[in-house]
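Have a look at the structure below, then the notes.
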Amino acid sequence: MAVSKLVLAATSGKSSKILLGLRVLAFLATLSAAIVMGLNKETKTFVVGNVGNTPIKATFTAKFQHTPAFVYFVVANAMVSFHNLLMVALQLFGGKTELTAFRLLSIAILDMLNVTLLSAAANAAAFMAEVGKNGNKHARWDKICDRFATYCDHGAGALIAAFAGVVLMVIISAVSISRLVQPNNKCSISTAASPSVAP
């Protein structure tokens with residue numbers, strides 16, 4: 001119901017303000033997800049063996065660069081945040097430029113592409129986070145979250161922000177698509193209202 005109300009409001013004069021607010025929230029969500037995951041790193045020292053009574057220690061570091069899905073997650077969130085930042089800047093500083101049908105269509109297509117990109121990245125990262133938390137006994141993949149708790153907690157926070165960005169981008173995409181109907185309606189109304197001139 002909330003999404004439908006936003007979409008209906010988008011066809012009114014408040015569409016620009018609604019889109020601006022949604023894009024700012026999506027920018028903050030995706031940017032925070034990219035920063036948190038990009039800075040996610042934890043180093044710990046473990047005892048891996050003993051020689052007599054002397055323990056042998058080794059230092060291990062968990063970083064997001066070790067997992068391609070997390071690298072893709074950071075890149076995708078950065079790209080989506082840049083897209084929303086660009087859209088916000090154009091809306092605030094672009095002047096009163098006329099939104100033609102081609103521009104509205106281009107924005108709607110870009111929004112849909114960003115929804116797909118962000119959704120794929122968030123789901124890929126969530127799959128790897130599940131493996132890191134619980135492991136996989138069939139593939140003999142050990143879990144790491146019992147040893148790198150801070151690393152996993154930061155990753156979980158980044159995932160929450162990313163999925164919030166996915167929800168916001170879905171709403172933004174719906175609003176962008178609904179705005180495509182607006183110029184067509186105006187054109188049809190003006191055409192119908194114009195009197196026909198008989199030869």
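Quick caveat, the model's predicted, so the values are computed rather than measured. Note that these values count all heavy atoms, side chains included, but never hydrogens, waters or copies made by symmetry.
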Non-neighbouring partners of [X] that pass side-chain hydrogen bond (donor to acceptor under 3.5 Å, both in side chains), sequence neighbours left out:
{"X": "Glu130", "result": "Asn134"}
{"X": "Thr150", "result": "none"}
{"X": "Asp146", "result": "none"}
{"X": "Ser106", "result": "none"}

Please table the atom pairs, donor to acceptor, closer than 3.5 Å between any side-chain atom in residues 152-170 and protein atoms at least two apart or in another chain.
none

side-chain contact (heavy atoms from CB on, under 4.5 Å) assessment of Leu20 paired with Leu92
CA-CA 9 Å; Leu20 181 63; Leu92 291 178; 3.8 Å; yes

Nearest 0.5 Å, what's the CH2-CE distance between Trp141 and Met128?
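That separation rounds to 6.5 Å.
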
Nearest-0.5 Å distance, CZ of residue Arg179 to CD1 of residue Ile18:
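Arg179 CZ to Ile18 CD1: 10.0 Å, rounded to 0.5 Å.
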
Any side-chain heavy atom of Asn40 sitting closer than 4.5 Å to one from Tyr151?
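In contact.
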
Is there side-chain contact between Met79 and Thr30, with heavy atoms separated by less than 4.5 Å?
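Side chain of Met79 against side chain of Thr30, heavy atoms only: no contact under 4.5 Å found.
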
Could you list the residues that satisfy salt bridge (Lys or Arg N to Asp or Glu O under 4.0 Å) with Lys44, not counting sequence neighbours?
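Once residues adjacent in sequence are excluded, the partners of Lys44 under the salt bridge (Lys or Arg N to Asp or Glu O under 4.0 Å) criterion are Glu42.
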
For residues 107-121, which side-chain donor-acceptor pairs fall under 3.5 Å, sequence neighbours excluded?
from: Asp111; atom 1: OD1; to: Arg23; atom 2: NH1; distance (Å): 3.1
from: Asp111; atom 1: OD1; to: Arg23; atom 2: NH2; distance (Å): 3.3
from: Asp111; atom 1: OD1; to: His83; atom 2: NE2; distance (Å): 2.8
from: Asp111; atom 1: OD2; to: Arg23; atom 2: NH2; distance (Å): 2.8
from: Asp111; atom 1: OD2; to: Ser176; atom 2: OG; distance (Å): 2.6
from: Asn114; atom 1: ND2; to: Leu110; atom 2: O; distance (Å): 2.6
from: Thr116; atom 1: OG1; to: Met112; atom 2: O; distance (Å): 3.1
from: Ser119; atom 1: OG; to: Asn123; atom 2: ND2; distance (Å): 3.3

Just to verify, what does Ile35 make a side-chain contact (heavy atoms from CB on, under 4.5 Å) with, not counting sequence neighbours?
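Result, side-chain contact (heavy atoms from CB on, under 4.5 Å) vs Ile35: Leu31, Leu39.
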
Would a single hydrophobic cluster contain both Phe82 and Val36, if residues Ile, Leu, Val, Met, Phe, Trp and Tyr are joined by side-chain heavy-atom contacts under 4.5 Å?
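Looking at the clustering, Phe82 is in a separate group from Val36.
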
Sequence neighbours excluded - ring pair (Phe, Tyr, Trp, His ring centres under 6.0 Å) pairs with any residue from residues 47-74
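Every pair satisfying ring pair (Phe, Tyr, Trp, His ring centres under 6.0 Å) with a residue in residues 47-74: there are none.
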
